[in-house]
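Structure first, commentary second.
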Amino acid sequence: MLDNLKKYDIVLASGSPRRRELLAGLGIKFRIELLKGIKEDYPQDLPVEQVPEYLSRLKSHAYKVTGNELLITADTVVILDGEVIGKPHDEAQARAMLRKLSGHVHTVVTGVTVATVDSTVSFSCKSQVEFAQLDDDEIAYYVDRFHPLDKAGSYGIQEWIGYMGIKGITGSFYNVMGLPVQRLYTVLKPM
C-alpha cells in the first residue's frame with residue numbers, strides 16, 4: 001500500500017520513538033531528522049485546541065524541504081479544563097500533572113503537517129481520555145519506573161499507567177500515543 005510514496009524521500013522530523021513506531025506500522029520507508037533549537041511558543045490568544053497544529057507547522061517551517069522530500073512533523077498536547085499541559089520538567093512536576101489528570105476526562109490533540117516542495121497540508125486529531133482515580137502510590141510507581149518526562153501530560157497510554165489507569169477513550173488511541181496514523185494515511189494516500 002501507499003506505493004505512490006515511493007517517489008518521495010520521506011522525512012519524519014521527530015525524536016519520538018512512538019511516532020517512529022507508528023509511522024513504521026504503515027509500512028512506509030522513512031528517515032529521521034531531528035530539528036534543533038525550535039522554541040515551541042505559540043500566541044497566547046490562540047485557542048488551545050489549535051496549538052498542536054500551529055506547532056506542527058512551526059516545526060515544518062524550520063526544515064527546508066527540497067527535491068523529492070516529503071516532510072512529516074507533529075506535536076501533541078494534553079488539555080484539561082482549557083489549559084495546555086505540556087511535558088514535565090522533572091519528576092515532581094510529572095507527579096503533579098498526573099494528580100491533576102486523575103479522576104478526570106482530558107483531551108489529547110495532535111497536530112500534523114505534511115509538506116513537499118509543492119504543497120503543505122496540516123490537520124489535527126482530537127481524542128477524549130478518561131483517567132481512573134489514581135492514588136499517590138500508583139503515581140509514584142509509574143513516574144519512578146517509567147520516567148515520563150518526554151511525554152505530554154506525563155504519561156504514555158501504551159505503558160503501565162495506560163493499562164491500569166485509563167477507563168476509556170473516545171477517538172483515536174494512536175492519536176493519544178502521538179500520531180493519528182489513520183488520518184495521516186488518508187492524507188498520504190492521494191499524494
Side-chain angles (χ1 to χ4, degrees), residues 1-79 84-88 107-129 148-153 155-158 169-191:
M1 298 305 298
L2 296 176
D3 287 342
N4 58 308
L5 298 181
K6 289 181 180 176
K7 63 187 173 193
Y8 292 111
D9 173 19
I10 300 174
V11 178
L12 175 63
S14 176
S16 166
R18 289 154 301 283
R19 287 194 183 113
R20 289 181 209 163
E21 174 189 344
L22 292 170
L23 188 58
L26 286 178
I28 296 170
K29 183 180 175 187
F30 62 94
R31 63 185 168 87
I32 301 293
E33 287 289 333
L34 300 179
L35 303 175
K36 304 281 188 199
I38 296 175
K39 288 189 140 204
E40 295 187 14
D41 294 330
Y42 52 88
Q44 292 306 306
D45 62 343
L46 187 67
V48 291
E49 290 190 0
Q50 293 177 20
V51 168
E53 191 172 325
Y54 176 89
L55 292 175
S56 77
R57 284 193 305 271
L58 186 72
K59 292 174 182 180
S60 179
H61 295 316
Y63 184 93
K64 175 73 172 140
V65 176
T66 60
N68 68 333
E69 289 179 322
L70 182 147
L71 176 69
I72 301 170
T73 57
D75 195 86
T76 301
V77 299
V78 169
I79 302 167
V84 172
I85 299 176
K87 296 175 186 173
T107 303
V108 177
V109 182
T110 300
V112 179
T113 298
V114 177
T116 65
V117 171
D118 299 320
S119 69
T120 300
V121 176
S122 295
F123 64 89
S124 61
C125 183
K126 178 171 61 169
S127 302
Q128 303 291 322
V129 179
L149 302 183
D150 65 334
K151 295 172 177 68
Y155 76 94
I157 195 167
Q158 72 282 3
I169 295 176
T170 303
S172 167
F173 173 85
Y174 299 111
N175 178 56
V176 180
M177 279 182 69
L179 191 66
V181 286
Q182 186 279 329
R183 181 78 185 275
L184 178 59
Y185 178 85
T186 63
V187 169
L188 294 173
K189 194 173 177 180
M191 295 197 79

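Here CG of Asp45 is found 10.0 Å from CD of Gln50. Values are rounded to the nearest 0.5 Å. Lys6 contributes atom NZ, which lies 10.5 Å from atom NZ of Lys29 (distance to the nearest 0.5 angstrom). Put simply, CE on Met191 and OG1 on Thr116 are 5.0 Å apart, with the number rounded to the nearest 0.5 Å. Here the CG atom belonging to Asp75 is positioned 11.5 Å from the OG atom belonging to Ser124, to the nearest 0.5 angstrom. Arg18 CZ to Gln158 CD: the interatomic distance, rounded to the nearest 0.5 Å, is 6.0 Å. Residue Leu5 holds its CG atom at 4.5 Å from CD1 of Ile10, rounded to the nearest 0.5 Å.
Scanning both residues, Ser122 and Glu53, for their nearest heavy atoms gives CB-OE2, 3.5 Å. Between Arg20 and Phe30, the closest heavy-atom pair is O-CZ, 3.5 Å. Contact detail for Met177 and Ile157: the closest heavy-atom pair is CG-CG2, 3.7 Å. Taking all atoms of both residues into account, the shortest heavy-atom contact from Asn4 to Lys189 is ND2-O, 3.0 Å. Taking all atoms of both residues into account, the shortest heavy-atom contact from Val11 to Glu33 is CG1-CG, 3.5 Å. Across all their heavy atoms, Leu2 and Leu188 have their closest contact at CD2-C, 4.2 Å.
No donor-acceptor distance shorter than 3.5 angstrom exists from the side chain of Asp9 to the backbone of Asn68, with no hydrogens or angles considered. Between the side chain of Thr113 and the main chain of Thr73, no donor-acceptor pair closer than 3.5 Å is present. Glu69 contributes a side-chain N or O that, together with a main-chain N or O of Thr66, makes up a donor-acceptor pair within less than 3.5 Å.
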Stepwise side-chain contact (heavy atoms from CB on, under 4.5 Å) test for Leu23 and Leu184: CA-CA 9 Å; Leu23 188 58; Leu184 178 59; 3.9 Å; yes
Residue pair Glu49, Thr107: steps toward the side-chain contact (heavy atoms from CB on, under 4.5 Å) verdict: CA-CA 9 Å; Glu49 290 190 0; Thr107 303; 4.2 Å; yes
Derivation of the side-chain contact (heavy atoms from CB on, under 4.5 Å) call for Ile28 and Tyr185: CA-CA 10 Å; Ile28 296 170; Tyr185 178 85; over 6 Å; no
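Of the options Thr76, Ile79, Val108, Val109, a side chain to side chain contact (heavy atoms under 4.5 Å, CB included) to Pro52 is made by Val109 and by none of the others.
Between Val176 and Tyr155, the closest side-chain pair of non-hydrogen atoms falls below 4.5 Å.
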